[in-house]
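Right, one structure below, let's go through it.
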Amino acid sequence: MLGLPETVSALLFDLDGVLTGTAALHKEAWKQTFDEFLVKHGIPDEPFTDHDYAAYVDGKPRADGVRSFLAARKIELPEGGPDDGPDAKTVNGLGNRKNELVLRIIEDRGVAPYEGSRRYLEAARDNGLKIGVVTSSANGAKVLEAAGLTPFVQARIDGNTLREQNLRGKPAPDSFLAGAKVLGVEAQHAAVFEDALAGVQAGRAGDFGYVVGVNRANQAEELKEHGADVVVDDLAELLEEV
């Protein structure tokens with residue numbers, strides 16, 4: 001059914017890059033944020049790259065992404081707090097600057113779901129499978145609503161949930177396990193759908209029944225190496241296997 005093992009009764013989808021094209025908008029906002037920061041830090045000749053996004057930021061909670069990237073560049077900033085302004089010279093301030101930018105980009109350009117992903121959600125719903133969204137973004141509800149996907153979703157775990165419940169972000173499995181719990185299923189009966197290496201790693205670490213890697217960034221081999229059972233370029237490919 002739907003290209004998945006028969007034991008799977010619930011589906012846990014990452015949002016940005018799996019259901020919607022907003023991962024590209026997040027990457028754009030991260031690049032602008034970090035490049036401006038690096039210029040101010042006196043190292044303009046080492047801009048933020050696609051590799052940096054995949055290795056340090058993609059799929060992780062906002063502050064974790066900032067910490068990872070800065071550590072890779074051997075830059076230290078004070079932690080600050082979640083309510084720091086976007087101009088604060090702190091980890092949280094830099095993350096909030098990025099969030100301000102991505103919200104502006106989303107407002108200007110809108111959000112559209114991948115057509116193949118929408119078809120897959122429709123098929124999953126029609127076949128009676130439980131559907132959850134697990135995203136590190138604090139903007140999950142806004143993106144789902146803007147993309148017209150809210151009616152498909154029975155459970156949502158997002159960046160706000162992680163903070164409220166003190167859950168570790170991806171690559172730890174906590175957020176996916178929380179999603180499975182809300183849907184009332186054990187991990188082995190749930191499938192994880194992820195485009196980020198950290199997310200695939202989280203699915204494997206949580207012993208989920210099936211991990212689908214979605215190859216939006218030309219990293220099929222890396223997705224397999226991090227734990228994907230299967231890698232597709234579009235979720236509609238799984239429908240074609242039925």
Side-chain angles (χ1 to χ4, degrees), residues 14-18 20-41 43 46-106 133-140 142-143 157-176 178 192 194-203 205 213-214 216-217 219 222-223 226:
D14 178 46
L15 180 57
D16 304 304
V18 172
T20 67
T22 40
L25 307 184
H26 281 279
K27 182 163 67 172
E28 181 179 335
W30 277 120
K31 180 167 177 57
Q32 182 176 337
T33 299
F34 281 131
D35 283 354
E36 290 175 355
F37 171 80
L38 291 169
V39 167
K40 292 178 181 178
H41 211 75
I43 43 177
E46 296 182 21
F48 184 75
T49 66
D50 287 350
H51 168 76
D52 292 327
Y53 180 74
Y56 308 122
V57 173
D58 191 19
K60 297 180 181 179
R62 197 184 310 153
D64 288 352
V66 173
R67 292 187 201 97
S68 295
F69 175 72
L70 295 182
R73 297 300 178 89
K74 296 181 173 57
I75 298 172
E76 294 185 5
L77 282 182
E79 188 70 16
D83 296 327
D84 284 0
D87 295 323
K89 297 178 180 178
T90 63
V91 167
N92 280 278
L94 200 57
N96 289 340
R97 170 63 176 161
K98 175 266 172 180
N99 194 54
E100 183 181 80
L101 285 172
V102 79
L103 289 176
R104 190 183 309 159
I105 292 170
I106 288 173
V133 164
V134 178
T135 173
S136 298
S137 172
N139 305 311
K142 293 180 181 177
V143 172
I157 303 296
D158 60 20
N160 298 311
T161 315
L162 300 187
R163 185 173 64 252
E164 292 164 3
Q165 298 185 15
N166 196 30
L167 301 175
R168 295 174 299 169
K170 304 168 188 176
D174 301 29
S175 55
F176 282 120
V192 165
E194 262 287 358
D195 69 311
L197 302 181
V200 166
Q201 196 172 343
V214 185
R216 306 288 191 195
Q219 53 182 8
E222 291 92 335
L223 289 167
H226 281 73

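FYI, the numbering just counts along the sequence from 1.
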For this session: Take His26 and Ile105 through the side-chain contact (heavy atoms from CB on, under 4.5 Å) test and state the conclusion after the steps.
Result: CA-CA 9 Å; His26 281 279; Ile105 292 170; over 6 Å; no
For this session: Apply side-chain contact (heavy atoms from CB on, under 4.5 Å) to Leu70 and Phe37, showing your working.
Result: CA-CA 10 Å; Leu70 295 182; Phe37 171 80; 3.6 Å; yes
Considering only heavy atoms from C-beta outward, does the side chain of [X] approach that of [Y] to under 4.5 Å?
X      : Y      : value
Val214 : Asp14  : no
Lys31  : Pro47  : yes
Gln32  : Glu28  : no
Gln201 : Glu194 : no
Thr90  : Asp84  : yes
Gln165 : Asp174 : no
Asp16  : Val143 : yes

Of all heavy-atom pairs between [X] and [Y], which one has the smallest distance, and what is that distance?
X      : Y      : value
Ser136 : Gly59  : OG-O, 2.6 Å
Ala202 : Pro173 : O-CB, 3.4 Å
His41  : Ile75  : NE2-CG2, 3.6 Å
Phe48  : Leu38  : N-CD1, 4.1 Å
Gly169 : Pro61  : CA-CG, 3.5 Å
Ala72  : Tyr56  : CB-CZ, 3.4 Å

Problem set entry | side-chain contact (heavy atoms from CB on, under 4.5 Å) between Val57 and Phe34, worked out | CA-CA 11 Å; Val57 173; Phe34 281 131; 4.1 Å; yes
Problem set entry | Derivation and outcome, side-chain contact (heavy atoms from CB on, under 4.5 Å), residues Leu197 and Gln219 | CA-CA 9 Å; Leu197 302 181; Gln219 53 182 8; 3.8 Å; yes
Problem set entry | Residues Asp195 and Arg216 bridged, charged N to O under 4.0 Å |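 Salt bridge flag = no for Arg216 with Asp195.
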For this session: Answer yes or no: is there an ion pair linking Arg104 with Glu100, defined by an N-O contact shorter than 4.0 Å?
Result: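 Salt bridge between Arg104 and Glu100, a charged N being under 4.0 Å from a carboxylate O: yes.
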Would you check if the side chain of [X] reaches a backbone N or O of [Y] as a donor-acceptor pair within less than 3.5 Å?
X      : Y      : answer
Asp158 : Thr161 : yes
Asn92  : Glu79  : yes
Ser68  : Gly65  : no
Asn160 : Ala138 : yes

Roughly how far apart are [X] [atom1] and [Y] [atom2], rounded to 0.5 Å?
X      : Y     : atom1 : atom2 : answer
Asn139 : Thr22 : CG    : OG1   : 9.5 Å
Leu103 : Leu25 : CG    : CG    : 11.0 Å
Phe69  : Tyr53 : CZ    : OH    : 13.5 Å

Exercise. Do Thr135 and Ser137 have a side chain donor and acceptor closer than 3.5 Å?
Worked result: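 No - no donor-acceptor pair under 3.5 Å links their side chains.
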For this session: Name all pairs fulfilling the salt bridge (charged side-chain N to carboxylate O under 4.0 Å, His left out) condition that reach into residues 47-66, sequence neighbours left out, sorted by first residue then second.
Result: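 Non-adjacent pairs meeting salt bridge (charged side-chain N to carboxylate O under 4.0 Å, His left out): Lys27-Asp50, Asp52-Arg73, Asp64-Arg67.
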